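Lettering follows sequence order; numbering is per chain, from 1. Predicted model, so just to flag it, every value in this text is computed and none were measured.
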Amino acid sequence: MSRYFVTTAISYPNGRPHIGHAYEVIATDWLARFARLDGRDTYFMTGTDEHGLKIAQAARKEGVTPQAFVDAMVQHFVAMCDKLNISRDRFIRTTDPDHKQVVQALWKKLEEAGDIYLDRYEGWYSVRDEAYYDEEDLVVAEDGTKLAPTGTEVSWTVEESWFFRLSRFQEPLLKLYADQPEFVQPSNRMNEMRAFVERGLKDLSISRTSFDWGVPVPGSDNHVMYVWLDALTNYLTPSGWPAAGWEAKWPADLHVIGKDVVRFHAIYWPAFLMSAGLPLPGKVFGHGFVLNRGAKMSKSLGNIVEPMGLADSFGVDQLRYYLLRAIQFGQDGEWSHEAIARRINADLANDLGNLAQRTLSMIAKNCNGEVPVDGPALPEDEALVTQVSAMLEEARAAHAAVRPDLALDAIWARVSDVNAYLNEMAPWSLRKTDPARADVVLYHAAECIRRIAILVQPAMPESAARLLDQLSVAETDRDFAAFAKCLKPGTQLPGPQGIFPRWMEPEEDAAQ
RNA sequence: GGCGGGGUAGCUCAGCUGGUUAGAGCACAGGAUUCAUAACCCUGAGGCCGCGGGUUCAAGUCCCGCCCCCGCUACCA
């Protein structure tokens, strides 16, 4: 059985989750659910990156310990996953004990490989911010002192730091990109990474002594590991490496990440793994951002979109569907109230919802509420089934390409086909002239809806399950292996119930 | 500044190595219909294909110049 290990980036919980977090985890959930339904041995991980200066500072501001701070904040991320029906196999936290062990083991391995050495890190440091700043970001005050962008004073500081010999990996990385041009997707990101590496790589400072909220460096107690070495290693943690049997859960097939962290995943992470002699992940996919009416979300603009409330007002599946369908995966996309409302009505209520409703209610009224009798199929019936069947391979191709939007495009094209088929066949008229033929038409429509519902599951698990319930499809016949396993005539159906209600603005609702 | 991508219907986008009247979805208008969630189905309107030159029998598609937008350009993640 082919394995599919997919991850999201781990979120930095210095604030509550916003729609960007929801987007990434929903898209990755789609990938994981799809793989599971396709019979693959799937492992899906998401989680939180809990160390580092910003967490320590945020905790201090609230007067709590960093651990207490993250324990509280992580709740919101877990709650979001629960709310959004995220089928993760593990929610990893970088404060988990097994993670710390793996990171320290990896450190030792890099050290053994001769890729870690002690040196000094120099830069403009702000004691107040506990952070280094680039020369070009500094502003000079009237009295000539240099200030950080935050307005605090900086001074040239030299700090002892461990370094990773990233420079050694320039050629190996370029070879990786040449051998596996799809290692980084979309391709424009690959080009950016290649250009970055071609410019030359400097060694990477991978420890800090200026704060202590992190994983201690083995044998160097005053150092904590620098964020990215700690964070990236989360992907390796569930394998239990270097303990025996780690090969069962490493390497990952796919890291789904935001476009802002592509460099860390496409350059640093493979370099660390190469140094340790470990296999590399199959692919890194950098998705775009969800923009609020075209504007980037930020705390200062006060336009951050919060996912939990959206799931409450529009529905979890509706929110999932919108994010997966309306945004081309890999590009930036737009969020707006109007846009999701349009999608809900056009795609879910009018197209799929209405298709199911009209078909199932005709069956309920005219076929004793049973799957109608199939009969001799006309070319039109066969053409429809052929079209609808092709959808599975189209969806698989979209999954392989990490494009949930394309999979849904393909599925909805079929929804439209089935609606057109019904209009053309007009079973409501046939009922009066040729009832047996009307049954055959309804049978084919219902069968197509079953197939569509099976493929809709990764995007909208709850709604698809309700639809399959209404078709009396057994729980065990809902994976892709059952795709071609047709409805049995005579099966009792529970009777139609609307699955995708139209979206009405609350004030309209109240007025009626 | 350097490197890369892009500017096509109101909106989001397809248009591969140049070749019949430039396409899709949504939104809009009309028609048909009434099985269905005022839905579905059909038809239509809507486009100096960023601007200006050039190559060619023929350019959204190639070449040159210009304008505008976006991404990357290492230690906050």
Side-chain angles (χ1 to χ4, degrees), chain A residues 9-14 49 51-55 57 121 123 129-134 137 148-150 161 163-164 166 186-208 226-231 258-264 267-268 286 288 294 325-328 331-334 336 338-339 342-366 405 409 412-413 415-431 438 441-442 445 496-504:
Chain A
I10 48 176
S11 306
Y12 201 65
N14 61 340
D49 170 20
H51 292 127
L53 176 67
K54 289 205 170 177
I55 294 287
Q57 287 174 332
Y121 184 78
D129 299 346
E130 299 178 35
Y132 285 89
Y133 292 96
D134 282 347
D137 294 334
T150 51
S161 171
F163 280 79
F164 173 72
L166 185 65
S187 57
N188 59 322
R189 300 293 165 200
M190 175 80 274
N191 294 338
E192 288 171 6
M193 292 304 106
R194 189 182 293 112
F196 184 97
V197 174
E198 282 171 349
R199 272 192 289 270
L201 294 174
K202 291 190 286 187
D203 288 348
L204 198 62
S205 162
I206 52 166
S207 80
R208 281 298 152 81
Y226 195 52
V227 285
W228 278 103
L229 179 58
D230 174 9
K259 64 181 184 181
D260 54 333
V261 293
V262 171
R263 196 175 72 230
F264 304 96
I267 298 175
Y268 300 170
R325 176 85 197 273
I327 301 173
Q328 298 184 65
Q331 312 273 146
D332 286 350
E334 209 164 300
S336 75
E338 295 77 14
R342 265 199 301 275
R343 282 283 174 185
I344 287 173
N345 286 343
D347 298 359
L348 301 183
N350 295 354
D351 289 349
L352 179 56
N354 184 49
L355 170 63
Q357 186 73 3
R358 66 197 297 212
T359 305
L360 291 169
S361 52
M362 277 187 273
I363 290 174
K365 287 174 191 167
N366 300 299
D405 54 308
D409 284 348
W412 255 258
V415 171
S416 193
D417 289 340
V418 183
N419 267 319
Y421 167 83
L422 279 179
N423 279 57
E424 197 179 329
M425 297 298 126
W428 50 92
S429 302
L430 287 171
R431 181 63 50 199
V441 168
L442 289 179
Q497 280 189 319
I499 293 173
F500 297 111
R502 290 183 64 76
W503 169 259
M504 310 259 274

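In this structure, CZ on A:Phe163 lies 8.0 Å from OG on A:Ser207, to the nearest 0.5 angstrom. In this structure, OH in A:Tyr12 is found 8.0 Å from NZ in A:Lys54, a value given to the nearest 0.5 Å.
For the P atoms, the distance linking B:A45 with B:G31 amounts to 16 Å, nearest Å. Taking atom C1' in both B:G71 and B:A36, the straight-line distance is 47 Å, to the nearest Å. Taking atom P on both nucleotides, B:G44 is separated from B:G5 by 38 Å, rounded to a whole Å. Remark: the separation of the C1' atoms in B:U21 and B:C66 is 32 Å, to the nearest Å. With C1' as the reference atom, B:C68 and B:A29 are 34 Å apart, rounded to whole Å.
A:Gln328 comes within contact range of the sugar-phosphate backbone alone, with a heavy-atom separation under 4.0 Å but no base atom that close. Residue contacts shown for A:Ser361 are limited to sugar-phosphate atoms, with no base heavy atom under 4.0 Å away. Contact annotation for A:Tyr132: backbone-only contact, meaning every heavy-atom pair under 4.0 Å involves sugar-phosphate atoms and none involves a base. Residue A:Tyr12 is in sugar-phosphate contact alone, with no base atom involved, counting any heavy-atom pair closer than 4.0 Å across all strands shown. Within the 4.0 angstrom heavy-atom criterion, no nucleotide atom of any strand lies near A:Leu348. Note on A:Arg502: a base of the nucleic acid sits closer than 4.0 angstrom, heavy atoms only. Counting non-hydrogen atoms under 4.0 angstrom, A:Gly52 reaches nothing in the nucleic acid. When heavy atoms are screened at a 4.0 angstrom cut-off, A:Arg343 is found touching no nucleic acid atom at all. The residue A:Asp49 sits close only to the backbone: its heavy atoms come under 4.0 Å of sugar-phosphate atoms, none of a base. Using a 4.0 Å heavy-atom cutoff across all strands shown, A:Ile206 reaches no nucleic acid atom at all. When heavy atoms are screened at a 4.0 angstrom cut-off, A:Ala420 is found touching the sugar-phosphate backbone but no base atom. Within the nucleic acid shown, A:Gly286 has no heavy atom closer than 4.0 Å to any nucleic acid atom.
Of the candidates A:Asp351, A:Asp409, A:Asp405, A:Arg325 forms a salt bridge (charged side-chain N to carboxylate O under 4.0 Å, His left out) with just one, namely A:Asp409. Of the candidates A:Val227, A:Leu166, A:Leu229, A:Asp230, A:Leu229 is the only one forming a side chain to side chain contact (heavy atoms under 4.5 Å, CB included) with A:Ile206.
In this model, the phosphate group of B:U73 is approached by a side-chain N or O of A:Arg263 to a distance below 4.0 Å at OP1 or OP2. Taking side-chain N and O atoms only, A:Lys259 has no distance below 4.0 Å to OP1 or OP2 of B:C72. When the side-chain nitrogen and oxygen atoms of A:Ser416 are compared with OP1 and OP2 of B:A24, none of them lie within a distance under 4.0 Å. Taking only side-chain nitrogens and oxygens, A:Tyr226 comes nearer than 4.0 Å to OP1 or OP2 of B:A77. At the phosphate of B:U37, neither OP1 nor OP2 sits under 4.0 Å from any side-chain N or O atom of A:Asn350.
When Watson-Crick and G-U wobble pairs are counted only if both distances are under 3.5 Å, B:A38 pairs with no nucleotide at all. Base pairing of B:C28 is made with B:G44, judged by Watson-Crick or G-U wobble geometry with both donor-acceptor distances under 3.5 Å. Under the Watson-Crick and G-U wobble criteria, each requiring two contacts below 3.5 Å, nucleotide B:G65 is paired to B:C51. B:U20: no Watson-Crick or G-U partner with both key distances under 3.5 Å is found in any strand. Taking a pair to require two hydrogen-bonding distances under 3.5 Å in either a Watson-Crick or a G-U wobble arrangement, B:G71 pairs with B:C3. Taking a pair to require two hydrogen-bonding distances under 3.5 Å in either a Watson-Crick or a G-U wobble arrangement, B:A77 remains unpaired.
Here the side chain of A:Trp428 is nearest to one of B:C76, B:U34, B:C75, namely B:U34. Listed nucleotides B:C75, B:C26, B:C40 differ in distance to A:Asn419; the shortest reach to its side chain belongs to B:C40. Set against B:C72, B:A27, B:C35, the side chain of A:Ala346 has B:A27 as its closest nucleotide.
Atom pair A:Met425:CE and B:C40:P shows a separation of 19 Å (rounding to whole Å applied). Between A:Asp260 atom CG and B:U73 atom C1' there is a gap of 16 Å when expressed in whole angstrom units. Atom CG in A:Asn191 sits about 9 Å away from atom C1' in B:G5, given to the nearest Å. Between A:His51 atom NE2 and B:C76 atom P there is a gap of 18 Å when expressed in whole angstrom units. Taking atom CG on A:Leu201 and atom C1' on B:U73, their separation rounds to 13 Å, with Å as the unit. Regarding A:Glu424, its CD atom lies at a distance of 16 Å from the C1' atom of B:C35, rounded to whole Å.
Of the two residues near RNA chain B, A:Asp417 and A:Lys365, the one whose nearest nucleotide lies more 5' is A:Lys365. Residue whose closest nucleotide on RNA chain B sits further toward the 5' end, between A:Met193 and A:Trp228: A:Met193.
Applying the 3.5 Å distance criterion, the base of B:A36 shares a donor-acceptor pair with the side chain of A:Asn354. For A:Asn423 against B:C40, a side-chain-to-base donor-acceptor contact under 3.5 Å is present.
In this model, a donor atom of one side chain and an acceptor atom of the other lie less than 3.5 Å apart for A:Arg358 and A:Asn423.
A:Phe164 has its ring centre no less than 6.0 Å from the ring centre of A:Tyr268.
Below 30°, between 30° and 60°, or above 60°: for A:Trp228 and A:Phe264 the angle between ring planes is below 30°, a parallel geometry.
Looking only at side-chain heavy atoms (C-beta outward), A:Val197 and A:Arg194 stay at 4.5 Å or farther from each other.
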